[in-house]
There are 2 protein chains.
Amino acid sequence: MAKIKRDGVLREANCTEELLAMRDSLDVLGGKWKLMILRFLTNRTHQVIHFKKMQREIEGISAKMLSKELKDLEVNLLITRKVQDTKPITVAYSVTEYGKSVLPVTETLVQWGLNHREKIIESI
Amino acid sequence: MAKIKRDGVLREANCTEELLAMRDSLDVLGGKWKLMILRFLTNRTHQVIHFKKMQREIEGISAKMLSKELKDLEVNLLITRKVQDTKPITVAYSVTEYGKSVLPVTETLVQWGLNHREKIIESI
DNA sequence: GTTACTAGTTACCTTAATGAAACTATTATG
DNA sequence: CATAATAGTTTCATTAAGGTAACTAGTAAC
C-alpha cells in the first residue's frame with residue numbers, strides 16, 4: 001500500500017483513508033444522475049448544450065431532477081451555466097476543466113457496464 | 001468515438017449507449033455502501049473478514065445496511081459468503097474474481113476523492 | 001388571441017434509503 | 001446466573017430521492 005505523509009510523519013496509508021476519500025467522491029458525484037450528466041457534457045464539449053436538449057437525451061430524467069442536479073454540479077465547480085441572450089433565452093451548460101477530471105471515473109463505469117451486460121447475456 | 005456492431009451493421013456508438021452502460025453499472029454498484037464494501041474486501045483478500053469486523057471498520061454503516069448490501073453483492077456474484085463452523089459461528093466474506101473487476105472503478109474514485117480534498121483545502 | 005418554444009419552478013405525492021435500538025439464537029467465560 | 005461475543009433480524013421512524021403535472025414568464029409565429 002502507498003505511503004502518505006500526515007501530521008509530519010510517514011505512516012502507512014490504511015484502508016480507512018482510502019474509504020474516506022471514496023466517501024468524499026460519492027458525496028459529490030453520487031446519486032442517480034450526476035455522473036450521467038457529467039459524461040453527457042464531456043462527450044459534447046464541441047457543442048452548445050441547452051437544458052431541453054439534455055432533458056431529451058438523458059433518458060428518464062425529469063426537469064425537476066435535471067435542474068437540481070445541475071445546480072449541485074455548478075456549486076462544486078464541475079460545470080458552468082451561461083445564460084445566452086437569444087429569443088427565447090437559452091442556457092448553455094458545459095463541463096469545466098475540473099469537471100473533466102471526472103472522466104476516468106465515468107470511463108471505468110462505462111467499461112464495467114458494457115462488460116457486465118456481456119456477462120449477463122452469456123450467463124443465460 | 002468507438003464503433004460497435006449491432007443489428008448486423010456497424011454504426012457509431014452514440015452517447016446514449018454509453019449512458020445506458022453507465023446506468024447498468026450504477027444499478028448494480030450504486031448507493032452509499034456497495035463500492036465501499038467492495039473496496040474494503042478487495043484490500044484484504046489475504047485476510048478472513050467477518051461481519052463484525054466490517055461493521056467496525058467501515059465507518060458509519062449499520063448492521064442492517066451491511067446485511068442488506070452484502071446480500072445484494074452476493075446475488076450479483078461480486079462477493080461470496082461462507083459460514084464457518086466455529087463457536088460462536090463466524091461468517092467469512094470475500095470478493096470473487098468478478099468482484100475484483102470493480103477495482104478500476106473504486107481506484108478512480110479513491111484518486112478523485114484524494115485530489116478533490118486537496119483542491120478544497122487549497123481553495124480556503 | 002391561441003399555440004409553441006425556451007427554462008425552469010412549485011406543489012403534491014410515493015417510494016426508496018437509511019438509521020437507532022431492541023431483539024433472537026448460540027456458545028463460552030467468570 | 002450474568003456478561004459477552006458472534007451474526008444477524010425486526011420494528012419503528014425519519015430522511016432523501018424521485019416522479020407527475022401544473023404553472024410562471026418572456027417572446028414569437030400563425
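So that the names make sense, note that chain A is the first sequence line, chain B the second, and so on, each numbered from 1. Model, not experiment: these values are computed from the prediction.
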Asker: Is it true that B/Lys71 and B/Glu74 have a side-chain N and a carboxylate O under 4.0 angstrom from each other?
Answerer: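 Here B/Lys71 does not pair with B/Glu74 in a salt bridge, since their nearest N and O are not under 4.0 Å apart.
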
Asker: Donor-acceptor pair, B/Thr108 side chain versus B/Pro104 backbone, under 3.5 Å?
Answerer: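 It does hold such a pair.
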
Asker: Can you list the residues that meet the side-chain contact (heavy atoms from CB on, under 4.5 Å) rule with B/Ser94, with sequence neighbours excluded?
Answerer: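 For B/Ser94, the residues satisfying side-chain contact (heavy atoms from CB on, under 4.5 Å) (neighbours in sequence not counted) are B/Thr80.
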
Asker: How close or far is atom P of C/dA16 from atom CD of B/Glu69, stated in whole angstroms?
Answerer: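 Spelled out: CD on B/Glu69 to P on C/dA16 is 15 Å.
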
Asker: Among residues 44-57 of chain B, which residues get a heavy atom nearer than 4.0 Å to DNA chain D?
Answerer: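 Residues of residues 44-57 of chain B under 4.0 Å from DNA chain D: B/His50, B/Phe51, B/Lys52, B/Arg56.
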
Asker: What is the distance from NZ of B/Lys71 to C1' of D/dG8, rounded to the nearest Å?
Answerer: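 Roughly 8 Å, once rounded to whole Å.
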
Asker: Determine: side-chain N/O of B/Ser67 to OP1/OP2 of D/dG8, distance under 4.0 Å, yes or no.
Answerer: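 Looking at the OP1 and OP2 atoms of D/dG8, neither is under 4.0 Å from any side-chain N or O of B/Ser67.
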
Asker: Between B/Met36 (CE) and C/dT18 (C1'), how many Å, whole number?
Answerer: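 Spelled out: CE on B/Met36 to C1' on C/dT18 is 15 Å.
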
Asker: In whole angstroms, how far is the C1' atom of D/dG18 from the CG atom of B/Asp27?
Answerer: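 My rounded result for the distance is 14 Å.
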
Asker: So with a 6.0 Å cut-off around CD of A/Gln84, is the heavy-atom count from everything else above 12?
Answerer: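 Atom CD in A/Gln84 is crowded, with more than 12 foreign heavy atoms closer than 6.0 Å.
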
Asker: Using whole Å, report how far CG of A/Leu66 lies from P of D/dG18.
Answerer: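 Computing the A/Leu66:CG to D/dG18:P distance gives 13 Å.
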
Asker: For nucleotides 19-25 of chain C, give me one character per nucleotide, 5' to 3': B if any protein heavy atom sits under 4.0 Å from the base, S if the only such contacts are to the sugar-phosphate, - if neither.
Answerer: BB-----

Asker: Can you tell if the side chain of A/Leu38 reaches within under 4.5 Å of the side chain of A/Val105, non-hydrogen atoms only?
Answerer: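 SC-SC contact between A/Leu38 and A/Val105 ruled out.
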
Asker: Looking at A/Met65 and A/Ile61, what are the two nearest heavy atoms and their distance?
Answerer: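 Heavy atoms of A/Met65 and A/Ile61 come nearest at CB-CG1, 4.0 Å.
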
Asker: Which residues pass the side-chain contact (heavy atoms from CB on, under 4.5 Å) test with A/Lys52, sequence neighbours left out?
Answerer: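 Listed in chain order: A/Gln55, A/Arg56.
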
Asker: Looking only at non-hydrogen atoms, find the nearest pair between A/Glu69 and A/Ile37 and report the distance.
Answerer: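 Of all heavy-atom pairs spanning A/Glu69 and A/Ile37, the closest is CB-CD1, 3.6 Å.
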
Asker: Measure CD/B/Glu59 against C1'/C/dT18 and give the value in whole Å, please.
Answerer: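 So the two atoms are 17 Å apart, to the nearest Å.
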
Asker: Identify, residue by residue, the members of residues 77-91 of chain B with a heavy atom below 4.0 Å from DNA chain C, and return them in order of residue number, or none.
Answerer: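 DNA chain C contact set from residues 77-91 of chain B: B/Lys87.
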
Asker: For A/Gln47, does the CD atom have more than 12 heavy-atom neighbours from other residues, nucleotides or ligands under 6.0 Å away?
Answerer: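 Yes - once you tally the heavy atoms of other residues, nucleotides and ligands closer than 6.0 Å, there are more than 12.
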
Asker: Please name all residues satisfying ring pair (Phe, Tyr, Trp, His ring centres under 6.0 Å) with A/Trp33, sequence neighbours left out, ordered by chain then number.
Answerer: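 For A/Trp33 there are no ring pair (Phe, Tyr, Trp, His ring centres under 6.0 Å) partners, ignoring immediate neighbours.
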
Asker: Rounded at 0.5 Å granularity, tell me how far OG1 in A/Thr90 sits from CD1 in A/Ile49.
Answerer: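 One gets 12.0 Å once the value is rounded to the nearest 0.5 Å.
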
Asker: Distance check needed: D/dT11 P versus B/Lys68 NZ, whole Å only.
Answerer: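 Rounded to whole Å, this separation is 18 Å.
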
